[in-house]
Amino acid sequence: MTEQTPDMKDIVALCKRRGFIFPASDIYGGLNGFWDYGPLGVELKNNLRDLWWKSMVVTPPIGPDGQPVQIVGLDSSIVQNPKTWEASGHIGGFSDPMVDCRETKQRYRADHLIVLIPKNGEGSWISLHEDSDSEEMDKRAGKLGKGRNANDYEITPLTSLKTDDYANIIAPDTKTPGTLTEPKEFNLMFHTYVGATASEDNKAYLRPETAQGIFLNFKNVVDSSRVRVPFGIAQIGKAFRNEVTPRNFIFRSREFEQMEMEWFCPPEDAKKWRAFWVEERKKWWESLGINNDSMILREHESDELAHYAKDGVGTVDIEYRFPFTAPGFGELEGIAHRCDFDLKQHQEHSGQNLEYMDPQTQKRYTPHVIEPAAGLTRGVLALLCEAYTPDPERPSGVYMNFHPSVAPKKAAILPLTAKEEHVPIATKLYMDIREHYAVDLDIKQNIGKRYARQDEIGTPFCFTVDNQTIEDQTVTVRHRNTMKQDRIAMDNVLEYMRKEMALMGS
RNA sequence: GCGGGUGUAGCUCAGUGGUAGAGCAUCAGCUUCCCAAGCUGAGGGCCGUGGGUUCGAUACCCAUCACCCGCUCCA
């Protein structure tokens, strides 16, 4: 690929101009971290959503044993009993106390700072990042403690100190004490109140991930659907995170949509299944037209693993080279080994038995979970970025190279002129095709303008009715990417589309 | 949340202390048998919002909101 990385500004502008994505509550000046999907954006998003559902629930992949794997769907509510989030660790772990340095304007996670307290009680206390090695400690101690070294100090986590002591603490990137602010809580979960009165008793949360709804329903699904481990439960839905800094268009927004599948398997098979799902998921993104070179697999370092994945075989991210991360990559999907953390937690907090009884071996155990969790809205962004293709050679200057399976419109039916003879034929063709595919009928303005418009919204095919159509019932097919034309029988348009779309998809 | 930048038509932008322009888009008419987004015309903005200075603010000052970049964050 020799093409340049497109500029995010141009993509955002096209999204607004053509009705893919608007700032949420635009007429009131927008709202930080929220976006609305316009007429074409919702088509694109729904296409992606439906393709995921199909690949997971309707036609799940063939497993290692040659048989299709078993996955069922679910749609759980956004607001759950708040105990859910205590059990999941989100109430404790999803809020990080932060301290700011007034002098350097740096911000630190309070639980990532350590403090050196002089053993003899004299002099300032020195704070450092917790991962500082002894060399750095000696250096800071020497500089700020007048020649002392780390051995002259006690090491204490900042979080165990009182805020009264902060006046005597030197922030990690300064020389004078007393510049640290007191810790502020950043809870990333939105909360609300259930019922008419607002009080702590009926406080509830908007889910920060869809996954927990699946774990809450594990027992219900097992008891009602004849599934047997290994099997999966899939869910698509909105999730909410009160991000400190929403950034990069829809990449990190406060309201977003996830496509998550929890795959329950025997603990000893976790590794095998993780490898299986990584492979499957990567193939899936490729099948939607995401270039293989634009994606990488990235194994999480042990220190960045989430609390639920600490003891497992690890997490792999499928990352895409977004224009704002290039030449680096940003997360599109994570495949995590959540171990038995969630089921165990919910079993403990709810008092319900969530173990699985294997009908063959008659053994009870808690299944382990492999979780392919993809961002639907991030997927939309990746599709937009991938499709955006500047082309100075054509009138529109740009076209959206969507894979036909995700394109909001699969074809446009165009009478070459607005003359009486062309319009009724085109209209009839449109009425036939729209039963099968999302298509546009566009009559107004000259043909060049209409082709250009379809290029900008990424319509793969245009079928044009002209004078020859009247004589021999054929139409021209104009291809978006090449601008080349063929002529085919009007009766074959549907079949042609089927064939071409399969071809482009392979 | 901090620092810097930006905010003028649907989009990209110009502009001035005396209440606004271009290109593209949109719409209409014309033209057109294939990219000729060609021709003609029209609609559309109290210049992000709220204050202040001023006889007068889109312009200067303050605040606020949104977006962009960098921190921070993203279990």
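Letters go in sequence order (proteins before strands), and every chain restarts at 1.
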What nucleic acid atoms does [X] come within less than 4.0 Å of, heavy atoms only: base, sugar-phosphate, or nothing?
| X | result |
| --- | --- |
| A/Tyr28 | nothing |
| A/Arg394 | nothing |
| A/Glu393 | nothing |
| A/Asp10 | nothing |
| A/Asn32 | sugar-phosphate |
| A/Arg450 | nothing |
| A/Gln468 | nothing |
| A/Gly330 | nothing |

As a test of reading the structure: which of [options] is closest to the side chain of [X], going by heavy atoms?
| X | options | answer |
| --- | --- | --- |
| A/Lys444 | B/rC34, B/rA28, B/rC69 | B/rA28 |
| A/Leu31 | B/rA75, B/rA66, B/rC34 | B/rA66 |
| A/Arg247 | B/rC71, B/rA66, B/rC35 | B/rC71 |
| A/Pro395 | B/rC34, B/rU32, B/rC35 | B/rC35 |
| A/Arg18 | B/rA75, B/rA25, B/rC34 | B/rA25 |
| A/Ser396 | B/rA37, B/rA75, B/rC34 | B/rA37 |
| A/Phe324 | B/rA75, B/rA37, B/rC69 | B/rC69 |

For [N] versus [M], give the span between their [atom1] atoms, rounded off to a whole number of Å.
| N | M | atom1 | value |
| --- | --- | --- | --- |
| B/rA75 | B/rG5 | C1' | 32 Å |
| B/rC55 | B/rC65 | C1' | 31 Å |
| B/rG43 | B/rG56 | C1' | 30 Å |
| B/rU40 | B/rU54 | C1' | 45 Å |
| B/rU16 | B/rA59 | P | 13 Å |
| B/rA22 | B/rG44 | P | 15 Å |
| B/rG7 | B/rU12 | C1' | 14 Å |

G-U wobble or Watson-Crick pairing nucleotide for [N] (cut-off 3.5 Å, both distances):
| N | result |
| --- | --- |
| B/rG21 | B/rC13 |
| B/rC34 | none |
| B/rC71 | B/rG1 |
| B/rU6 | B/rA66 |
| B/rG44 | none |
| B/rU58 | none |
| B/rC39 | B/rG29 |

In whole angstroms, how far is the [atom2] atom of [N] from the [atom1] atom of [X]?
| X | N | atom1 | atom2 | result |
| --- | --- | --- | --- | --- |
| A/Arg453 | B/rA25 | CZ | C1' | 10 Å |
| A/Lys419 | B/rC34 | NZ | P | 11 Å |
| A/Glu456 | B/rC24 | CD | P | 14 Å |
| A/Asn446 | B/rC27 | CG | C1' | 15 Å |
| A/Asn248 | B/rC68 | CG | P | 7 Å |
| A/Ile470 | B/rC34 | CD1 | P | 15 Å |
| A/Asp442 | B/rA25 | CG | P | 14 Å |
| A/Met8 | B/rG70 | CE | P | 13 Å |

### Query
Any donor-acceptor pair under 3.5 Å between the side chain of A/Thr245 and the base of B/rC73?
no
### Step-by-step salt bridge (Lys or Arg N to Asp or Glu O under 4.0 Å) determination, A/Arg478 to A/Asp455
CA-CA 11 Å; A/Arg478 184 259 193 190; A/Asp455 281 348; 2.7 Å; yes
Do the rings of [X] and [Y] sit parallel, tilted or perpendicular, given the 30° and 60° boundaries?
| X | Y | result |
| --- | --- | --- |
| A/Phe324 | A/Phe322 | parallel |
| A/Tyr496 | A/Phe463 | perpendicular |
| A/Phe402 | A/Phe20 | tilted |

### Query
Does one side chain, of A/His337 or A/Glu371, offer a donor that lies under 3.5 Å from an acceptor on the other?
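Not at all, the side chains of A/His337 and A/Glu371 share no donor-acceptor pair under 3.5 Å.
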Is [X] close enough and on-axis enough to [Y], meaning under 6.0 Å and within 45°, for cation-pi?
| X | Y | result |
| --- | --- | --- |
| A/Lys45 | A/Tyr37 | yes |
| A/Arg281 | A/Trp284 | yes |
| A/Arg378 | A/Phe256 | no |

### Message
Less than 4.0 angstrom from a charged side-chain N to a carboxylate O is my criterion; do A/Glu456 and A/Arg17 meet it?
### Response
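Counted as a salt bridge, because a side-chain N and a carboxylate O are separated by less than 4.0 Å.
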Between protein and nucleic acid, restricted to nucleotides 11-13 of chain B and to nitrogen or oxygen atoms under 3.5 Å apart, what atom pairs and distances do you find?
from	atom 1	to	atom 2	distance (Å)
B/rC11	OP1	A/Lys16	NZ	2.7

### Query
Does the separation of the ring centres of A/Trp35 and A/Phe249 fall below 6.0 angstrom?
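Yes, the ring of A/Trp35 comes within the 6.0 Å limit of the ring of A/Phe249, centre to centre.
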### Query
Considering only heavy atoms from C-beta outward, does the side chain of A/Leu116 approach that of A/Trp125 to under 4.5 Å?
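No, side chains not in contact.
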### Task
On RNA chain B, check which nucleotide each of A/His479 and A/Gln445 is closest to and give me the residue with the more 5' one.
A/Gln445
### Query
Between A/Glu243 and A/Lys449, which has a closest nucleotide on RNA chain B that is more 5'?
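It is A/Lys449 whose nearest nucleotide is closer to the 5' end.
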